[in-house]
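Notes to accompany the following structure.
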Amino acid sequence: MTGLRVPPGAPREDAPAADDRGTDVRSAAADAAQPQHSASPGARLGLAGRLRWCWRQLTSMRTALILLFLLAVASVPGSVLPQEGIDPAAVTQYYAAHPALAPILAKFSLFNVFAAPWFAACYLLLFASLAGCVLPRAFRLAGSARQQPPRAPRNLSRLPLAASYTTALEPAAAVQAAGQLLAGRRFRLRTGDGWVAAEKGYLREVGNLLFHIALLALLGSVGLGAIFGYKANRLLVAGDSFANTPTALDVFRPGRLVSPADLAPFSITLDKFTASYVTSGPEIGQPLQFDAALRYSVSPGGPLRSYRLRVNHPLVVDGVSVYIIGHGYAPEFKVTDGAGQVVFDDAVPFIPVDQNGLTSEGVVKVPDASPDQLGFAGVFLPTAVDSGGRLESVFPAALEPRVSLVAYAGNLGMNSGQPQSVYQLETGQMHRLPVAPQPLSPGQSMKLPDHAGTLTFTGYKPWISLAITYDPGQLAALVSGFVALAGLILSFMVRRRRVFGRARIGAGGSTIVDLGGLARSDAAGGFEEEFAELTQEMMAAQHGSYLPAAQRGAGPPAGAPDPDETIGTEPTVDPAAATSTSPVSSTDEKSLGYPAGE
């Protein structure tokens, strides 16, 4: 358990005073009778403390990872189940195939996952958690990228990489020459009396900073699209047109701050649609290409423009993207009622229930028929074959189109005030007509009994399903993704490394130059070669000679004051407690400017 931290020097509530040791003469019975008034930690925290604790828990990295995992798990149903905003026809098929399960899934918004309240709650909590975690870290990284290299340690032999050489130059001249060489290698320099510190690889911190800022920008871009964008769907039969208005769209899902006046005023007409499929081999029936010939105008009364709409080649009008996401067939029927009047003559979209042969189901509603309203429910088979006395479609193209219908008469219930689906027939107030379903070819008719009329299958038209999306944050999300990737590559590829040098007078009067190197996150290696190359170049530039390890000094004696160090700013290192091959401890890393465990 985690209790409240007691300030240094304050007495603990559960500890006896120092003066009471050995002098407490109270009996155990008196202690038992004494009432205890210890307050709970929650009561001692208070409201402000509890809110601060909740914020710290929310902005912790552990909470962010948990929320990210929950968001990933919550996205799974959106990938497995059909979504209303993407393919409403597939949702209708799911309802028909699973009439008991579909309503239960709909109660949990599993057919509209990404607009569900629980998904939005996970997203908002993740955004708040990342913002509280990333922003402070971004400020720390920005400060780290601007900071100067730390002072050179007094005993450079304790660093992972160390070397020494002698030169005839004076210590100040040797330090200056070493600094000039390191500056030529694009190291950031800091010098003092007899020492030089150089650092390189600040792009690593820049990469970290870019990644964190881009991650927040990416989440903000997604939220921007959800607030100011919209999604819509429209089923369009060949030869028909529609305008981009809420009443002309089959499904319209606006963002929180989107009104009907914000929709781009374009209109689209479908002139022709063709689909090609694989005709042989194991992949027979698989689609090869969908091609829709469109005409569109940007504004009412504007000039018409032509466009070929294909998969992954959307039509873009005023920043709105129009995609083709499905297709099917709309059989054409002509219905004559019992009075001899043509009361219906139109194409009716049927919804595919089988993607292999594109077998489709649909209904025909004739509310103007007399004496009774008529309704028909059936299937459309693009390429019908007899399989064991049962018709089925074996190919999605319309090679042998057939339609089979069941006829009903009575009250369709369209005037009851209750909304109805155009793909379902309400038969509660209707009776089935005594006529056996029979497959009809284009041009054939079905005569209804009791002088109810005649239905003629006149042909078919193709239809396409369009997804209309406007996402103002799409470009920002794309740019943020590339920036985050670039920052991640920078943080992985660039190594943060430091080189230190000290010059001192040796025993023989010559100048001894001690070098040390330290690199963090050098998993791929390479700094050893760079350090050795720097050492050789410095020795060559100063006409120095390599000093064996056995002849190297230990630097200033233990406890000797360093005029370049400020008391209390950085921890010092006791050179007497180290060897030339000992690793750098956490304390040493802090003194070199690297947080321990980073």
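A quick note: this is a predicted structure, and the numbers were derived from the prediction, not measured.
- For the pair N233 (side chain) and D250 (backbone), a donor-acceptor distance under 3.5 Å is absent.
- Nearest heavy atoms, L490 versus G207: CB-CA, 3.9 Å.
- R234 CZ to I464 CD1: the interatomic distance, rounded to the nearest 0.5 Å, is 10.5 Å.
- Rounded to the nearest 0.5 Å, atoms OG (S387) and CD (E392) are 4.0 Å apart.
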Could you check Y94 against L101 for side-chain contact (heavy atoms from CB on, under 4.5 Å), going step by step and ending with a plain yes or no?
CA-CA 9 Å; Y94 196 93; L101 179 61; 3.6 Å; yes
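- Residues S267 and S297 bring a donor and an acceptor atom of their side chains to less than 3.5 Å of each other.
- Two residues are said to be in side-chain contact when any heavy atoms from C-beta on lie closer than 4.5 Å; F376 and L425 fail this criterion.
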Determine, step by step, whether Y470 and F228 satisfy the ring pair (Phe, Tyr, Trp, His ring centres under 6.0 Å) criterion, reporting the C-alpha distance in whole Å, the side-chain angles of both residues, the deciding distance to 0.1 Å, and the verdict.
CA-CA 8 Å; Y470 174 65; F228 296 99; 9.4 Å; no
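- Side chains of I268 and F266 form a contact here, defined as non-hydrogen atoms less than 4.5 Å apart.
- Considering all non-hydrogen atoms of both residues, L263 and P246 come closest at CD2-CD, 3.9 Å.
- Shortest non-hydrogen contact noted between Y277 and G285 is CD2-O, 3.6 Å.
- Taking OG from S129 and CG from L58, the interatomic distance works out to 5.0 Å, rounded to the nearest 0.5 Å.
- For the pair L381/V403, no side-chain contact is recorded, criterion being any heavy-atom separation below 4.5 Å from C-beta on.
- N415 CG: 12 or fewer foreign heavy atoms inside a 6.0 Å radius.
- Counting only distance, with no hydrogens or angles, the side chain of N244 and the backbone of A264 share a donor-acceptor pair below 3.5 Å.
- A donor-acceptor distance shorter than 3.5 angstrom exists from the side chain of S393 to the backbone of F395, with no hydrogens or angles considered.
- Open room surrounds CD on E283; 12 or fewer heavy atoms of other groups in view lie less than 6.0 Å from it.
- Among V394, L399, L358, the one residue that satisfies the side chain to side chain contact (heavy atoms under 4.5 Å, CB included) test with P382 is L358.
- Without hydrogens or angle criteria, T454 side chain to K447 main chain gives no donor-acceptor distance under 3.5 Å.
- Under the 30°/60° scheme for interplanar angles, the aromatic rings of F350 and F380 are found to stand perpendicular.
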For V298 and V317: C-alpha separation, side-chain torsions, deciding distance, then whether side-chain contact (heavy atoms from CB on, under 4.5 Å) applies.
CA-CA 7 Å; V298 177; V317 184; 4.3 Å; yes
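- The aromatic rings of Y307 and Y296 stand perpendicular to each other, their planes meeting at an angle above 60°, with 30° marking the opposite boundary.
- Counting only distance, with no hydrogens or angles, the side chain of N208 and the backbone of H212 share no donor-acceptor pair below 3.5 Å.
- Heavy-atom minimum distance, L288 versus V278: CD2-CG2, 3.6 Å.
- Using a distance-only test at 3.5 Å, with no hydrogens or angles considered, a donor-acceptor pair links the side chain of W118 to the main chain of F108.
- With rounding to the nearest 0.5 Å, the separation of OG1 in T458 from CG in L440 is 11.0 Å.
- Judged purely by distance below 3.5 Å, without hydrogens or angles, the side chains of D262 and S259 pair a donor atom with an acceptor atom.
- The backbone N or O of L81 lies less than 3.5 Å from a partner atom in the side chain of Q83, making a donor-acceptor pair.
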Could you walk me through whether V363 and K365 pass the side-chain contact (heavy atoms from CB on, under 4.5 Å) check?
CA-CA 7 Å; V363 299; K365 299 180 182 182; 4.2 Å; yes
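- In this structure, Q57 and R62 have side chains that are in contact, with non-hydrogen atoms separated by less than 4.5 Å.
- Judged purely by atom type and a 3.5 angstrom limit, R295 has no side-chain atom pairing as donor or acceptor with the backbone of L304.
- With sequence neighbours excluded, the residues satisfying ring pair (Phe, Tyr, Trp, His ring centres under 6.0 Å) with F457 are F333.
- Here the two rings, on F273 and Y329, have centers that are 6.0 Å apart or farther.
- When all heavy atoms of P265 and P300 are compared, the closest pair comes out as O-CD, 3.5 Å.
- Taking the side chain as every heavy atom from C-beta outward, E332 and K461 approach each other to under 4.5 Å.
- In this structure, H327 has its ring center closer than 6.0 angstrom to the ring center of F290.
- By the 4.5 Å heavy-atom criterion applied to side chains, V435 and M446 are counted as neighbours.
- With hydrogens and angles disregarded, no donor-acceptor distance shorter than 3.5 Å links the side chain of R390 to the backbone of G388.
- Not one N or O on the side chain of E400 forms a donor-acceptor pair closer than 3.5 Å with the backbone of T383.
- Considering only heavy atoms from C-beta on, N356 comes within 4.5 Å of D354 through its side chain.
- Interatomic distance, CZ of F527 versus CZ of R496, reported as 12.5 Å (0.5 Å rounding).
- Between L249 and V251 the shortest side-chain heavy-atom distance does not fall below 4.5 Å.
- Separating the CG atom in L433 from the CG atom in L374 is a distance of 7.0 Å, to the nearest 0.5 Å.
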Could you go through the side-chain contact (heavy atoms from CB on, under 4.5 Å) check for R308 and L294 one step at a time?
CA-CA 6 Å; R308 291 181 59 190; L294 304 178; over 6 Å; no
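- Scanning all heavy atoms of the two residues, the minimum distance from P352 to S360 falls at CA-OG, 3.6 Å.
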